[in-house]
Trainee: 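One structure follows; several queries about it will come next.
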Amino acid sequence: MTDRRMKEAVRYLGYGRNTADERTRMMIKDAFSDVENASGPKSICRIFDIEQITDGRIMIGNISIESRSLSRNLKGCIKAVLFGATLGAGVDQLIRRTSLTDMSRAVIQQACAATLLEEFCDEKQTELGEELEKDGLYLRPRFSPGYGDFDIHYQKQLMQILDCAKSIGLTMTDSYMMTPSKSVTALIGISPVKERCPVAGCEACDKTDCEYRR
């Protein structure tokens, strides 16, 4: 197991910068094994032209989005990737079964699943970025509904355009909760200008005055 994977799981468990004790670290290692065995990761993406209509209003495909924070993140971009990913229903089933007998283990599995989902998304974004760079285009960090003033309600339109139910088995409840729960949708800007943005996103970057920061 990589140090980064362990650190991310510990962070999701709420330890902050503190180090988890040896017993917890062993439980995390076991939980990663359980979650990896239960997961069936899938992803989908489509690329659309974008148009900045006004400051805070963007057209992506046929979606009109009102969001100043998203508009700032996509400044200078000429296209955007609509992206969806999931670890699959098996992870939800695993955590639900575990919670019936060992809630502490289930909580750790939740943290490990969140870490694995981010890893999977980073891998897919890196693969796409490498392809686009051949044409002189560069990706910005992922930006999901719920970040800043990018309303969670846009989740529905993103999932419809990607046909997530058929393509990766991802659906949404009336309260905008995704099923399976360890899933994500996001927009990723495509720019002809290379910015020093880490795939891991703004949380991994110390440049707090960046104009693209979410």
Side-chain angles (χ1 to χ4, degrees), residues 8 39-52 58-67 69-89 91-92 113-135 137-173 176-195 197-205 212-214:
E8 281 298 290
S39 68
K42 294 180 181 179
S43 67
I44 181 72
C45 69
R46 292 180 63 190
I47 296 175
F48 292 87
D49 292 330
I50 67 173
E51 182 181 2
Q52 298 269 1
I58 315 131
M59 287 295 298
I60 300 176
N62 62 356
I63 304 177
S64 176
I65 299 175
E66 296 278 351
S67 169
S69 52
L70 178 62
S71 179
R72 183 173 63 249
N73 180 269
L74 296 178
K75 183 179 179 181
C77 292
I78 57 173
K79 296 178 182 290
V81 182
L82 267 62
F83 176 80
T86 181
L87 291 185
V91 173
D92 282 4
T115 300
L116 289 176
L117 178 60
E118 284 298 305
E119 280 187 7
F120 178 62
C121 292
D122 289 349
E123 289 171 8
K124 291 301 175 182
Q125 184 168 341
T126 297
E127 291 172 7
L128 179 59
E130 289 173 351
E131 286 299 311
L132 288 170
E133 284 188 22
K134 296 175 184 177
D135 296 321
L137 297 171
Y138 305 93
L139 292 177
R140 297 274 173 79
R142 296 185 297 277
F143 203 102
S144 293
Y147 289 166
D149 64 351
F150 185 20
D151 200 291
I152 193 67
H153 294 170
Y154 289 109
Q155 191 105 268
K156 182 176 182 179
Q157 291 172 281
L158 267 59
M159 291 176 65
Q160 287 174 337
I161 288 180
L162 291 171
D163 199 9
C164 285
K166 289 184 179 180
S167 59
I168 59 174
L170 174 59
T171 60
M172 187 180 65
T173 68
Y176 300 95
M177 299 294 290
M178 287 186 286
T179 304
S181 63
K182 291 299 175 281
S183 306
V184 68
T185 62
L187 286 167
I188 310 171
I190 301 176
S191 171
V193 178
K194 187 173 185 178
E195 302 290 345
C197 292
V199 171
C202 301
E203 293 84 355
C205 182
Y212 308 118
R213 196 172 185 86
R214 65 193 182 205

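Since the model is a prediction, treat every value here as computed from it, not as a measurement. Reckoned from all heavy atoms, side chains included, excluding hydrogens, waters and symmetry mates.
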Trainee: By side-chain contact (heavy atoms from CB on, under 4.5 Å), which residues pair with A89, not counting sequence neighbours?
Mentor: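 Only Q93, P180 meet the side-chain contact (heavy atoms from CB on, under 4.5 Å) criterion with A89.
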Trainee: Any side-chain heavy-atom pair from I50 and I190 closer than 4.5 angstrom?
Mentor: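 Answer no - side chains too far apart.
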Trainee: For S191 and V193, indicate whether the former's side chain and the latter's backbone hold a donor-acceptor pair under 3.5 Å.
Mentor: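 Yes, because the side chain of S191 sits within donor-acceptor range (under 3.5 Å) of the backbone of V193.
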Trainee: Write down the atom of V81, the atom of C45, and the distance for their closest heavy-atom approach.
Mentor: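 Nearest heavy atoms, V81 then C45: CG1-CB, 3.7 Å.
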Trainee: Which salt bridge (Lys or Arg N to Asp or Glu O under 4.0 Å) pairs, counting each pair once, include a residue from residues 43-52, with sequence neighbours left out?
Mentor: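 Salt bridge (Lys or Arg N to Asp or Glu O under 4.0 Å) check on residues 43-52 returns D49-K79.
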Trainee: Could you tell me whether the side chain of R140 and the main chain of K75 form a donor-acceptor pair under 3.5 Å?
Mentor: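 Flag set: sc R140 to bb K75 pair under 3.5 Å.
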Trainee: Using the test side-chain hydrogen bond (donor to acceptor under 3.5 Å, both in side chains), find all partners of E8 that sit at least two apart in sequence or belong to another chain.
Mentor: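 R11.
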Trainee: Quick check: closest heavy atoms across I44 and C164, and the distance to 0.1 Å?
Mentor: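 Heavy atoms only, the tightest pair is CG2-SG, 4.3 Å.
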Trainee: For the atom pair CD1 (I188) and CD (Q125), what is the distance rounded to the nearest 0.5 Å?
Mentor: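 Result: 4.0 Å between the selected atoms.
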Trainee: Go through the structure and list residues passing side-chain hydrogen bond (donor to acceptor under 3.5 Å, both in side chains) with S181, not counting sequence neighbours.
Mentor: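 With sequence neighbours excluded, S181 shows a side-chain hydrogen bond (donor to acceptor under 3.5 Å, both in side chains) to D92, given in chain and number order.
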Trainee: What pair of heavy atoms forms the shortest contact from T86 to S183, and how long is it?
Mentor: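 Answer, listing the atom of T86 first, then S183: OG1-OG, 2.7 Å.
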Trainee: In the structure I gave you, are the side-chain heavy atoms of E195 and Y138 within less than 4.5 Å of one another anywhere?
Mentor: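 E195 vs Y138: side chains apart.
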Trainee: Keeping S144 on the side-chain end and T185 on the backbone end, is there a donor-acceptor pair under 3.5 Å?
Mentor: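 Confirmed, S144 side chain pairs with T185 backbone.
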Trainee: Tell me every residue that passes side-chain contact (heavy atoms from CB on, under 4.5 Å) with S67, counting only those two or more places apart in sequence or in another chain.
Mentor: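 Scan of S67 (side-chain contact (heavy atoms from CB on, under 4.5 Å), adjacent residues dropped) gives I65, S69, L70, D149, F150.
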Trainee: Please name the pair of heavy atoms, one in V184 and one in C121, separated by the smallest distance, quoted to 0.1 Å.
Mentor: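 Looking at all heavy atoms of both residues, the shortest contact is CG1-SG, 3.4 Å.
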Trainee: Sorted by first residue and then second, give each side chain to side chain donor-acceptor pair (under 3.5 Å) pair with at least one member in residues 160-173; sequence neighbours left out.
Mentor: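 For residues 160-173, and leaving out neighbouring residues, the side chain to side chain donor-acceptor pair (under 3.5 Å) pairs sorted by first residue read T173-S175.
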Trainee: Hey, can you pull the donor-acceptor pairs under 3.5 Å for the side chains in residues 127-135, sequence neighbours left out?
Mentor:
residue: E131; atom: OE2; partner: K134; partner atom: NZ; Å: 3.1

Trainee: Could you give the distance from CD1 (I152) to CE (M177), rounded to the nearest 0.5 Å?
Mentor: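 Output value for this atom pair is 8.5 Å.
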Trainee: OG of S39 to NZ of K182: how many Å apart, nearest 0.5 Å?
Mentor: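 Nearest 0.5 Å value for the OG-NZ distance: 12.5 Å.
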Trainee: Counting heavy atoms not belonging to M59, are there more than 12 under 6.0 Å from its CE?
Mentor: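 Count over threshold, so yes.
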Trainee: Name all residues meeting the side-chain hydrogen bond (donor to acceptor under 3.5 Å, both in side chains) criterion together with S71; count only those two or more places apart in sequence or in a different chain, and write none if there are none.
Mentor: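 Once residues adjacent in sequence are excluded, the partners of S71 under the side-chain hydrogen bond (donor to acceptor under 3.5 Å, both in side chains) criterion are Q52.
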Trainee: Work out which heavy atom in A113 is nearest to a heavy atom in L87; give both atom names and the distance.
Mentor: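 So the two residues come closest at O-CD1, 3.3 Å.
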Trainee: Going from CD1 on I60 to CG on L82, what distance comes out if it is rounded to the nearest 0.5 angstrom?
Mentor: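 Reported value, rounded in 0.5 Å steps: 6.5 Å.
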Trainee: Just to verify, what does T115 make a side-chain hydrogen bond (donor to acceptor under 3.5 Å, both in side chains) with, not counting sequence neighbours?
Mentor: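 T115: no side-chain hydrogen bond (donor to acceptor under 3.5 Å, both in side chains) contacts found.
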Trainee: Starting at CD1 of I47, measure out to CD1 of I78 and round the result to the nearest 0.5 Å.
Mentor: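 Separation between the atoms: 10.0 Å.
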Trainee: Rounded to the nearest 0.5 Å, what separation is found between the CD1 atom of I63 and the NZ atom of K156?
Mentor: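 Nearest 0.5 Å value for the CD1-NZ distance: 12.5 Å.
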Trainee: Given side chains that start at C-beta, do those of R142 and E118 come closer than 4.5 Å, heavy atoms only?
Mentor: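 Yes, close enough: below the 4.5 Å cut-off.
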Trainee: Please report the shortest heavy-atom distance between L158 and P145, naming the atom on each side.
Mentor: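 Minimum heavy-atom separation between L158 and P145: CD2-CG, 4.1 Å.
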Trainee: List for me each residue that meets salt bridge (Lys or Arg N to Asp or Glu O under 4.0 Å) alongside E66, sequence neighbours excluded, and say none if there are none.
Mentor: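 For E66 the salt bridge (Lys or Arg N to Asp or Glu O under 4.0 Å) partners, ignoring immediate neighbours, are R57.
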